[in-house]
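Counting starts at 1 for both ligands and their atoms, following the listed order. Only heavy atoms go into these numbers, but all of them, side chains included; no hydrogens, no water, no symmetry mates.
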Amino acid sequence: LLLLILALALGLTLGRSSGGIKNTFLERCQKFKDLNCQNVWDAFQQAYIDRDPCSIPGDAYEPFITALSLKLQCNRMMFWSKTKDLVHSFTQKQDCFVTVEDVPLGAILDGLTWCGKEGSKETFTTGCPGWSDCANNPVRSFWNQASAAFADAACGDVSAMLSGSIETPFSPGSVFESIEVRRLRSPKVKRMNVILVMEENAVTNCTNASLENLQKVLNAGISYGCKEVTEAQIHKCSSDPKIACGACW
Ligand code: APR
């Protein structure tokens with residue numbers, strides 16, 4: 001009887017850990033209307049299932065990205081780098097700015113880890129390669145591809161919340177620097193507004209050398225602006241939806 005109970009407990013634990021990511025995926029997916037979440041899950045899985053987890057190219061996620069059809073309003077897209085918690089606490093409280101993690105493409109997978117294995121049909125959430133263990137890992141390739149799709153869809157004035165608490169707010173090798181900024185195209189994109197977050201420990205301002213670099217990398221024809229904004233101002237803006245859209249900074 002003891003063995004039976006142990007076997008049952010083990011079975012339940014294993015069942016839950018392998019079913020965990022699918023449940024999380026479907027729960028998050030179902031919050032968005034008009035999505036066939038089982039189809040979306042199938043399109044997602046085919047990117048990495050039964051494959052070496054260090055050989056997943058970004059374009060393996062194209063069927064998944066297509067299944068989620070990015071619908072974005074011009075002038076509202078918000079990019080970010082090294083400001084994850086702050087930018088999301090802001091975008092979740094108001095409707096004027098949207099990050100990729102606020103639309104199904106990013107929201108469904110934000111914070112999750114997954115991979116497959118050759119010879120298996122399962123999705124694993126442990127023992128997967130980390131962000132920098134190999135370049136073509138399932139998680140990193142996904143975010144690279146999703147960020148590229150988000151940047152390709154950008155139109156009008158775009159914003160980027162960057163950190164004034166580091167020496168290089170436009171950080172070499174970041175997704176924002178290496179992928180997103182380089183894909184913005186004039187005249188579809190008109191302007192890049194940098195919101196530089198000034199905390200008490202700020203080490204720089206809008207004259208930062210890496211921001212000069214950002215302006216050089218931007219496609220000719222896209223204008224540029226930078227505003228130094230305190231964290232307190234950002235929190236204030238998100239608590240008052242009336243000022244968040246235009247009058248905030
Ligand atoms: N190890 C693990 N995760 C990492 C690493 C790393 N070395 N680098 C990046 N990430 C993941 C983490 O989930 C992290 O929170 O990417 C996220 C963003 O990393 P940042 O360096 O802060 O920013 P950046 O690389 O510029 O990416 C942000 O990409 O998510 C999109 O559109 C979004 O504009 C945003 C940009």
Side-chain angles (χ1 to χ4, degrees), residues 21 24 28 53-54 56 58 61 64-65 68 70-92 96-115 125-185 189 191-197 199 201 203-204 208 210-211 213-214 217-219 222 224 226 231 234:
I21 189 169
T24 306
R28 290 183 180 183
C54 278
I56 309 300
Y61 289 99
F64 171 61
I65 294 175
L68 288 174
L70 266 177
K71 290 183 206 94
L72 296 160
Q73 285 179 283
C74 296
N75 306 316
R76 296 193 171 195
M77 299 172 68
M78 173 74 87
F79 298 92
W80 55 272
S81 197
K82 320 291 178 202
T83 56
K84 191 174 204 281
D85 293 342
L86 181 65
V87 76
H88 291 140
S89 75
F90 176 65
T91 57
Q92 278 161 21
C96 319
F97 295 101
V98 175
T99 67
V100 72
E101 292 82 10
D102 297 310
V103 295
L105 178 61
I108 293 172
L109 293 167
D110 194 17
L112 303 183
T113 299
W114 66 90
C115 63
T125 54
T126 55
C128 297
W131 188 266
S132 306
D133 288 340
C134 50
N136 289 331
N137 70 70
V139 175
R140 188 167 180 165
S141 291
F142 166 71
W143 286 107
N144 288 349
Q145 197 76 8
S147 302
F150 189 66
D152 289 347
C155 48
D157 294 2
V158 301
S159 305
M161 195 176 280
L162 306 182
S163 172
S165 303
I166 51 176
E167 299 287 349
T168 50
F170 186 53
S171 179
S174 66
V175 171
F176 178 64
E177 184 271 347
S178 61
I179 298 175
E180 292 174 330
V181 164
R182 293 161 202 277
R183 297 181 81 103
L184 303 175
R185 283 287 163 264
V189 174
R191 185 175 175 85
M192 160 66 70
N193 287 315
V194 169
I195 299 141
L196 191 63
V197 182
E199 296 172 283
N201 57 349
V203 295
T204 189
N208 182 279
S210 77
L211 296 177
N213 209 30
L214 193 168
V217 172
L218 273 180
N219 190 212
I222 300 180
Y224 168 87
C226 177
E231 232 186 309
I234 292 168

Kindly indicate, with the supporting measurements, whether the criterion side chain to side chain contact (heavy atoms under 4.5 Å, CB included) is fulfilled by Val217 and Leu214. CA-CA 5 Å; Val217 172; Leu214 193 168; 5.9 Å; no
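In terms of modelled atom types and a separation under 3.5 Å, the side chain of Ser163 and the main chain of Pro169 share no donor-acceptor contact. Within the 3.5 Å criterion, the main-chain N or O of Asp110 finds a donor-acceptor partner in the side chain of Arg28.
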Table of N or O contacts for ligand 1, cutoff 3.5 Å:
from: ligand 1; atom 1: 8 (N); to: Trp131; atom 2: NE1; distance (Å): 3.2
from: ligand 1; atom 1: 21 (O); to: Lys82; atom 2: NZ; distance (Å): 2.6
from: ligand 1; atom 1: 22 (O); to: Lys82; atom 2: N; distance (Å): 2.8
from: ligand 1; atom 1: 23 (O); to: Ser81; atom 2: OG; distance (Å): 3.4
from: ligand 1; atom 1: 25 (O); to: Val175; atom 2: N; distance (Å): 2.8
from: ligand 1; atom 1: 26 (O); to: Ser81; atom 2: OG; distance (Å): 2.8
from: ligand 1; atom 1: 26 (O); to: Val175; atom 2: N; distance (Å): 3.4
from: ligand 1; atom 1: 26 (O); to: Phe176; atom 2: N; distance (Å): 3.0
from: ligand 1; atom 1: 29 (O); to: Glu180; atom 2: OE2; distance (Å): 3.4
from: ligand 1; atom 1: 30 (O); to: Glu101; atom 2: OE2; distance (Å): 2.7
from: ligand 1; atom 1: 32 (O); to: Glu180; atom 2: OE2; distance (Å): 2.5
from: ligand 1; atom 1: 34 (O); to: Trp80; atom 2: N; distance (Å): 3.0
from: ligand 1; atom 1: 34 (O); to: Trp80; atom 2: O; distance (Å): 3.1
from: ligand 1; atom 1: 34 (O); to: Glu180; atom 2: OE1; distance (Å): 2.6
from: ligand 1; atom 1: 34 (O); to: Glu180; atom 2: OE2; distance (Å): 3.4

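Using a 4.0 Å cut-off between charged side-chain N and carboxylate O, Glu177 and Arg182 make a salt bridge.
Atom CE of Met77 sits about 11.0 Å away from atom CG of Asp102, to the nearest 0.5 Å.
The side-chain hydrogen bond (donor to acceptor under 3.5 Å, both in side chains) search around Asn144 returns none, not counting sequence neighbours.
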